[in-house]
Amino acid sequence: MTNTVMMNNNNINNSESKENRTKRTVKRVTIELGDLTQHNLKQLKVLNRDVFPVAYNEKFYKDLLGAGELCKLAYCNDIVVGAVCCRIDLTDNRRRLYIMTLGVLGKYRELGLGTLMLEHVFKVCEREGNIDSIYLHVQVNNETALSFYKKFGFQIISTAVEYYRRLEPSDAYLLERSLKKTPSNEQTSSPTATQQNSKKVPSVPLSTITDVD
Ligand code: ACO
């Protein structure tokens, strides 16, 4: 999928003076998704190191090579600037898609790349056909990510206490977006979904991530 968006140079050089920036013209940029391969795996590692405060181990990356549509790189004018990595979990007879990472390099945010990746995830679920919901963890102070996911109908389901071993705050919200077709779910697909039913639950296994101090 390829999208063309208008990008003001403000997004790519935050250090410029306001006067200079207002004189610059708006540029057209192409944003698109591409497959993860052996050849660009290193780019994903570098990107994740830049974007996330946790480090992912070699097994995490090795498994991604077989993930197909569950892992995509996001390109802005042919440069890797974002990535989404998911897995499908089967628990309690429920098939759910878990977003392990979804991130964009700082300079390339608010251009629609996050949306492009999340829309891809929704399409994967639609194609699979029998996914109950999409879920993920977000550090409790990550207001940007919370706004982003709430726009797409995700709701806070619970708080995973001390989810991150070496981050402060260490708690994470568990966010979920049901994909079951019910009247109430159709309403939550709007960006106005609100926080609900926050309660304490144990965190999920953390075998693939290491918090970075
Ligand atoms: N403040 C408030 N809302 C925001 C912001 C912001 N800074 N940025 C995005 N949003 C919301 C808005 O509702 C926006 O819609 P709008 O443009 O109509 O206002 C919507 O998100 C979509 O914005 P995009 O441009 O598509 O999002 P972007 O490409 O900037 O990516 C992301 C959003 C992924 C959260 C990005 O900020 C990022 O990479 N953050 C660091 C990594 C991270 O925190 N990832 C999520 C962690 S959880 C996980 O990975 C499972």
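Ligands are counted one by one from 1 in listed order, and the atoms in each one are counted from 1 as well. What's counted below: heavy atoms across the whole structure, side chains too, no hydrogens, waters or symmetry copies.
- Only the backbone of His137 comes within contact range of ligand 1, with a heavy atom under 4.0 Å; no side-chain atom does.
- No side-chain donor-acceptor contact under 3.5 Å links Glu32 to the backbone of Ala74.
- At the shortest separation from atom 6 (C) of ligand 1 among protein heavy atoms lies Thr144 CG2, 3.5 Å.
- From the protein, the heavy atom lying nearest to atom 29 (O) of ligand 1 is Gly114 N, 2.8 Å.
- Near Gly103, meaning under 4.0 Å from any of its heavy atoms, are these atoms of ligand 1: 39 (O).
- Side chain of Asn77 to backbone of Thr30: a donor-acceptor contact under 3.5 angstrom is found.
- If you check which protein heavy atom lies closest to atom 21 (O) of ligand 1, you get Phe148 CD1, 3.3 Å.
- Between the side chain of Asn40 and the backbone N or O of Asp35, at least one donor-acceptor pair lies under 3.5 Å.
- Using modelled atom types, one finds a donor on one side chain and an acceptor on the other under 3.5 Å when comparing Ser133 with Glu176.
- Residue, atom and distance of the protein heavy atom nearest to atom 36 (C) of ligand 1 are Arg109 CD, 3.7 Å.
- Within the 4.0 Å cut-off (strictly below), no protein heavy atom is located near atom 10 (N) of ligand 1.
- For atom 19 (O) of ligand 1, no protein non-hydrogen atom is found at a distance below 4.0 Å.
- Residue Ile99 places no N or O, backbone or side chain, under 3.5 Å from any N or O of ligand 1.
- Using bins of under 30°, 30° to 60° and over 60° for the plane-to-plane angle, the ring pair His137/Tyr163 lands in the parallel bin.
- A donor-acceptor pair shorter than 3.5 Å can be found between the side chains of Asn48 and Tyr61.
- The option with the heavy atom closest to atom 3 (N) of ligand 1, from among Gly106, Ala145, Ala172, Ser147, is Ser147.
- A pairwise comparison of heavy atoms in Gly114 and Leu102 identifies CA-CD2, 4.3 Å as the closest pair.
- Taking every heavy atom of both residues into account, Ala83 and Leu73 meet most closely at CB-CD2, 3.9 Å.
- Here Glu110 has heavy atoms under 4.0 Å from ligand 1 in both its backbone and its side chain.
- Ligand 1 places these atoms under 4.0 Å from at least one heavy atom of Thr101: 50 (O).
- A side-chain donor-acceptor contact under 3.5 Å links Ser178 to the backbone of Lys180.
- Among Val81, Leu102, Ile31, the residue whose heavy atom lies closest to atom 45 (N) of ligand 1 is Leu102.
- Under the 4.0 Å criterion applied to side-chain N and carboxylate O atoms, Lys45 and Glu58 are assigned as salt-bridge partners.
- Protein non-hydrogen atoms do not reach within 4.0 Å of atom 32 (C) of ligand 1.
- The contact set between ligand 1 and Val138, taken as ligand atoms under 4.0 Å from a residue heavy atom, comprises 48 (S).
- Scanning the protein for heavy atoms near atom 23 (O) of ligand 1, the closest one is Thr115 OG1, 3.9 Å.
- Residue-to-ligand polar distances keep Tyr149 apart from ligand 1: every N/O pair is separated by 3.5 Å or more.
- Between Cys125 and Leu179, the closest heavy-atom pair is CB-CD1, 3.6 Å.
- Cation-pi check for Arg177 over Phe154 is not met; the charged atom does not lie both under 6.0 angstrom from the ring centroid and within 45 degrees of its normal.
- In this structure, atom 39 (O) of ligand 1 lies nearest to the protein heavy atom Val104 N, 2.7 Å.
- Protein heavy atom in closest approach to atom 15 (O) of ligand 1: Lys151 NZ, 3.1 Å.
- Per-residue contacts place Phe52 under 4.0 angstrom from the following atoms of ligand 1 (heavy atoms of the residue considered): 42 (C), 45 (N), 50 (O).
- A donor and an acceptor atom, one from each side chain of Tyr173 and Asn142, are nowhere located under 3.5 Å apart.
- Atom numbering of ligand 1 starts at 1 in the shown order; those under 4.0 Å from a heavy atom of Asn142 are 43 (C), 44 (O).
- Only backbone heavy atoms of Leu111 (N, CA, C or O) come within less than 4.0 Å of ligand 1; its side chain stays farther off.
- Each of Arg95, Arg94, Arg96 was scored for a salt bridge (charged side-chain N to carboxylate O under 4.0 Å, His left out) with Asp132, with one residue passing: Arg94.
- Protein heavy atom closest to atom 25 (O) of ligand 1, with residue, atom name and distance, is Gly112 N, 2.9 Å.
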